[in-house]
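All figures in this text were calculated on a predicted structure; none of them were measured in a lab. By convention in this document, chain letters (A, B, ...) are assigned in the order of the sequence lines, proteins followed by strands, and residues within each chain are numbered from 1.
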Amino acid sequence: MQPFVLGPESIPAELVDGLNPPQRAAVEHRGEALLIVAGAGSGKTRVLTHRIAGLIATREAWPSQILAITFTNKAAAEMRERVGHLLGEAVEGMWISTFHSACVRILRREAERFGYPQGFTIYDAADSKALIKRIVKAVDAESLGVSVSQAQHRISGLKNELIDPDGFSRQADLSNPRDALVLEIYRQYDRELRRNRAFDFDDLIAQTVWLFRAHPEIAALYQRRFRHVLVDEYQDTNHAQYALIRELTRRAEPQHVPADTRIALDPDGSIPPASLTVVGDSDQSIYAFRGADIRNITEFERDFPGAEVILLEQNYRSTQNILDAANAVISRNFDRREKRLFTTSGAGAKIVGYTGYSAHDEAQFVADEIHLLRDAGTSFNDIAVFYRTNAQTRALEEILIRAAVPYRLIGGTKFYERAEVKDVLAYLMTVANPADELSVRRIINAPKRGIGPATETAISNYAEAEQLTFRQAMGRADALGLGPKVTREIAALAEILDRAEASIAPDRPQGPVPVSRMLATLLGDVRYTETLRATGNPQDDARAENVEELVNVAKEFDKTHPDGTLVDFLTEVALVAAADDLDDESGAVSLMTLHTAKGLEFDAVFLTGVEEELLPHRMSADEPGGLAEERRLFYVGITRARKVLHLSLAMTRTTFGESSVAMPSRFLQEIPEGLIEWRQSPGMATSLGGTRPRALNAHGGEGGRRRRADGGELPAGRGLRSEFRPTRENQQRGGRVSGAVRDNSALELASGDRVKHTDFGEGTVRAVLGSGTKRIAEVDFDEAGRKKLLIKIAPLEKL
DNA sequence: TATAACAGTATTTTT
DNA sequence: TACTGTTATA
């Protein structure tokens, strides 16, 4: 049936009342493509939900024709709730989900078409790392300079670019031994995934794209169904996701249009492209490291001719002071579309700055301020503490516990990453997909059954010889020629798994057993929890509790999904994200990384560890565009605050055992002086003379510097700390404190040259490695020994 | 095969 | 620090 089309003027008033003009335009606009550039806090979720509701209310679309994509499950749930609030039950028919969930749904539905079982396994980052590790070992890549994480990163990057092993072999420079190795690892990894009937995270997107491209008639089914595609956080999409969107919003050619199509076709018999709405803010793009391509948003108008662009700049979240700081910071990034957030809600409180002597001192400040805020009526729920790296949580947690501040850690070592939870999930994956050898191997000796590597190899060899899967070989334990005890153990495990499989078979006469019951039986049969409890080790008790918690999750799942299968359950747990378990009623302060903070907002925000090497993180220094991305991260953090923003740092920070002097972040100086009220400024903290903190003296005071290998790893360089004062002069230097951005890239060095380093003294260059900005000099210092230095930033002088 | 003791090394952010 | 991997021993 064809939807009855009305003009936008018939959008119900309650959907546009109270919107500002651009917001209203974004809700009302009709056409093939719309880009909403939504600054932080500009009400984009409201616009998006109202737009969806408008499409339904005017009967331009059926609920089932809506596909809305978000980045996290939490965002999806929130959008679903808000649309439901506007529309009621109509929301049920919509696909509102993450990229990953939407793709899994499509892939499971079409699995048989490309030779995968519907119950294929999804490998998370840790699983894929384990697999890559095996391969890296097998080809001895590490000794040739390709580490496991490098290989994983490269492969992930290739998949995000939709480059398969063959494609890579065509474009790679195979005379480069490292690339040749990466190719070999990629090939084997791909083969293993296929053999295990598994997809990794990146595959979920990439394989869906391949599927659509290889089978236009399948793509047409989805092109016909989804007439309105809406994508949130578009600035963080990678190439594969972009390609997916393109496939979904492509015209379906007449020859691919299914016979029973009843929507309006173009005169030539094709299905016209679906309408596409994307919402994003390039200033909040913080996932380039994961392949997000900012060009997807900057080049949107080129990609989708005739696209309308609407800018939302009015901010409904923060005070003007906070926005001024945010604007000042982000304006240091060049190559961006000028955008200035403004509000009508007044200047508000000043930003509070604090420099602690140590991370603990800094945490104490956070705790004290939280208590003050609380006394003044702010609830713990409305307070958040952000940090750049997860390692920073330790000091914060210690102090918050001592200060009796209730807190919740969002992300971090997640429940689903714990070894015991992964074990149990591996049991379930084995049941759902017996071809998944990685999972079988994981559980074959957990709990201990006396099955070691030798036995595993024997099973594996037998499987290969007999053309069986590993799991099938286990079923023929007798034929393996192993000792009686081991044989018995293998046979018993195989039987337990068989029983579990049978109990959830869809064609089981009594009907399949619920997931939680199957799991409980399985765990009882293999005595998993029992074994943990028996050790008497309190840590194992905690592990047993985690396992029980997982059983509870399964029970909950059974309750909410009466027809849910094991595969559905595994899919759901595989795709939960850090931010998902954030609930707003917990009565606790939220602790999270800056990355997880994106998309959230709080009355009071503490942005901690605003130091060089941490924010911007030292790892970002070598990456092209790294600094700009770190600045955006800082910007995202600032703009999360509604009323009060605290910026804090520490003078010394302990990084695994060793403590070192930290310097204020260059970003601090990008904030106009008048906006910050320093409780203790970096200047005060260093020049207090007599009251100079022990923390500094203990470490050699002024000369205190990192005793780690590379002197060159200090981009902001010495001089920044003593010079730092958030004064006018500093700001006028364009944010570049003298010496802060050292640039030696022009320095030509050759083996044999004599050089002088500010800290290490004189030495002789032994070798120069790499090229461009990443050139590294290996120097034998007369006093300090051999060091590797990044030439671009090392305080080096040629003699 | 399992365990304990030791040494070495790594830390960015995550769907 | 904390985790991984290696080695020696039961």
Side-chain ion pair, A:Asp200 and A:Lys159, N-O less than 4.0 Å: yes

Rounded interatomic separation in angstrom, taking CG from A:Leu409 and P from B:dT13: 12 Å

Within-4.5 Å side-chain heavy-atom neighbours: A:Val231 and A:Thr277: no

Euclidean distance, atom CE of residue A:Met619 to atom P of B:dT12 [Å, nearest integer]: 4 Å

Partner of A:Glu613 by salt bridge (Lys or Arg N to Asp or Glu O under 4.0 Å), out of A:Arg618, A:Arg666, A:Arg388: A:Arg618

Interatomic distance, A:Leu594 CG vs B:dT12 P [rounded to whole Å]: 15 Å

Donor-acceptor pair (no angle test) under 3.5 Å: A:His100 side chain, B:dT15 base: yes

Output field: ring centroids A:His595/A:Phe289 closer than 6.0 Å: yes

Electrostatic pair A:Arg653:A:Glu611 at N-O distance under 4.0 angstrom: yes

pair A:Val146-A:Ile185: side-chain heavy atoms closer than 4.5 Å: yes

Atom-to-atom span, CD of A:Gln152 to P of B:dT11 - whole angstrom: 11 Å

Rounded interatomic separation in angstrom, taking CZ from A:Arg618 and C1' from B:dT11: 9 Å

Comparing A:Ser149 and A:Arg449 on DNA chain B - which has the more 5′ nearest nucleotide: A:Arg449

Side-chain heavy atoms of A:Val421 within contact of A:Leu425, under 4.5 Å: yes

Same-atom distance (C1') from C:dT4 to B:dT13, integer angstrom: 23 Å

Sugar-phosphate, base or nothing in reach of A:Asn445, heavy atoms under 4.0 Å: sugar-phosphate

Phosphate OP1/OP2 of B:dT15: any A:Asn73 side-chain N/O under 4.0 Å: no

Separation of B:dT14 P from A:Gln241 CD (nearest whole Å): 16 Å

Sugar-phosphate, base or nothing in reach of A:Ser620, heavy atoms under 4.0 Å: nothing

Nearest-angstrom distance from the residue atom CG of A:Leu204 to P of B:dT14: 19 Å

Within the 6.0 Å centroid threshold, strictly below: A:Tyr234 and A:Tyr242: no

Along DNA chain B (nearest heavy atom to each residue), the more 5'-positioned of A:Glu630 and A:Lys448: A:Lys448

Which nucleotide in B:dT15, B:dT14, B:dT12 has an atom nearest any side-chain atom of A:Arg388: B:dT12

Salt-bridge contact A:Asp236-A:Arg290 (side-chain N to carboxylate O under 4.0 Å): no

Short side-chain N/O contact to B:dT15 OP1/OP2 from A:Asn238, under 4.0 Å: no

Salt-bridge contact A:Arg533-A:Asp540 (side-chain N to carboxylate O under 4.0 Å): no

Terminal contacting nucleotides, 5' and 3', DNA chain C versus chain A (heavy atom, 4.0 Å): C:dT1 to C:dG5

Sugar-phosphate only, base, or nothing, as touched by A:Lys133 at under 4.0 Å among non-hydrogen atoms: sugar-phosphate

Proximity to DNA chain B (any heavy atom under 4.0 Å), residues of residues 277-292 of chain A only: A:Tyr287, A:Phe289, A:Arg290

Rounded distance in Å - CZ (A:Phe386) to P (B:dT13): 16 Å

